Amino acid sequence: MGLLDASWTVEIDAPRQRVFDVAADVPNSPAWQPAMQTVETLETDDRGRATLVDTSSDAKVKTTHQRLRFSYDDEPAGKRWVQEKGDTK
């Protein structure tokens with residue numbers, strides 16, 4: 001079974017902390033990630049940020065489901081996640 005790895009970089013005309021805050025609001029990701037249909041928060045950190053979520057995404061051919069674990073150790077430079085299980089892992 002293959003491993004999916006991706007990254008994306010973009011310059012945004014906004015303060016770094018504001019960009020991080022939007023990206024770290026994982027439960028509201030469907031508002032700015034059109035393919036993401038649902039996010040269910042399973043675990044949070046001590047600041048209330050989602051650390052484990054189940055998602056559904058429109059992969060055009062079918063809806064896929066993933067369980068993702070998030071970490072915020074790079075705040076405000078970024079966040080990281082790994083797929084723990086799901087259709088595309």
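None of the values given here were measured: they were computed from a predicted structure. Residues take their numbers from the sequence shown, with the count starting at 1.
Remark: Trp32 CH2 to Asp25 CG distance equals 9.5 Å, nearest 0.5 Å. Remark: Thr51 OG1 to Trp81 CH2 distance equals 15.0 Å, nearest 0.5 Å.
The minimum heavy-atom distance linking Val26 with Val53 is given by the pair CG1-CG1, 4.0 Å. Residues Pro30 and Met36 share a closest heavy-atom pair of CB-O, 3.3 Å.
For the residue pair Gln66/Thr64, the side-chain donor-acceptor check at 3.5 Å is satisfied.
Put simply, the side chain of Asp87 gets close to the backbone of His65: a donor and an acceptor are under 3.5 Å apart.
Of the residues listed (Ser29, Ser57, Ser56), the one engaging Thr38 in a side chain to side chain donor-acceptor pair (under 3.5 Å) is Ser56, and it is the only one.
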Exercise. Walk me through it: do Leu42 and Asp54 pass the test side chain to side chain contact (heavy atoms under 4.5 Å, CB included)?
Key: CA-CA 7 Å; Leu42 303 175; Asp54 279 341; 3.5 Å; yes
Quiz item: Should Arg18 and Ile12 be marked as a side chain to side chain contact (heavy atoms under 4.5 Å, CB included) after you check the CA-CA gap, both sets of side-chain angles, and the distance that decides it?
Solution: CA-CA 10 Å; Arg18 175 67 182 130; Ile12 299 172; over 6 Å; no
Practice problem: Begin from the C-alpha positions of Thr55 and Gln37 and carry the test side chain to side chain contact (heavy atoms under 4.5 Å, CB included) through to its verdict. | Solution: CA-CA 7 Å; Thr55 68; Gln37 297 171 324; over 6 Å; no
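Using a 4.5 Å heavy-atom cutoff, the side chains of Leu52 and Phe70 are not in contact.
Between Glu84 and Arg69, at least one side-chain nitrogen of the basic residue sits less than 4.0 Å from a carboxylate oxygen of the acidic one, meeting the salt-bridge criterion. A salt bridge links Asp74 with Arg80; the closest basic N to acidic carboxylate O contact falls under 4.0 Å. One finds a salt bridge joining Arg47 and Glu75 here, because a Lys/Arg side-chain nitrogen approaches an Asp/Glu carboxylate oxygen to under 4.0 Å.
A continuous path of ILVMFWY side-chain contacts below 4.5 Å connects Leu68 to Phe20, so both sit in one hydrophobic cluster.
Checked against salt bridge (Lys or Arg N to Asp or Glu O under 4.0 Å), Glu40 has no partners two or more places apart in sequence or in another chain.
The cationic atom of Arg49 (NZ for Lys, CZ for Arg) lies less than 6.0 Å from the six-membered ring centre of Tyr72 and within 45° of the ring axis.
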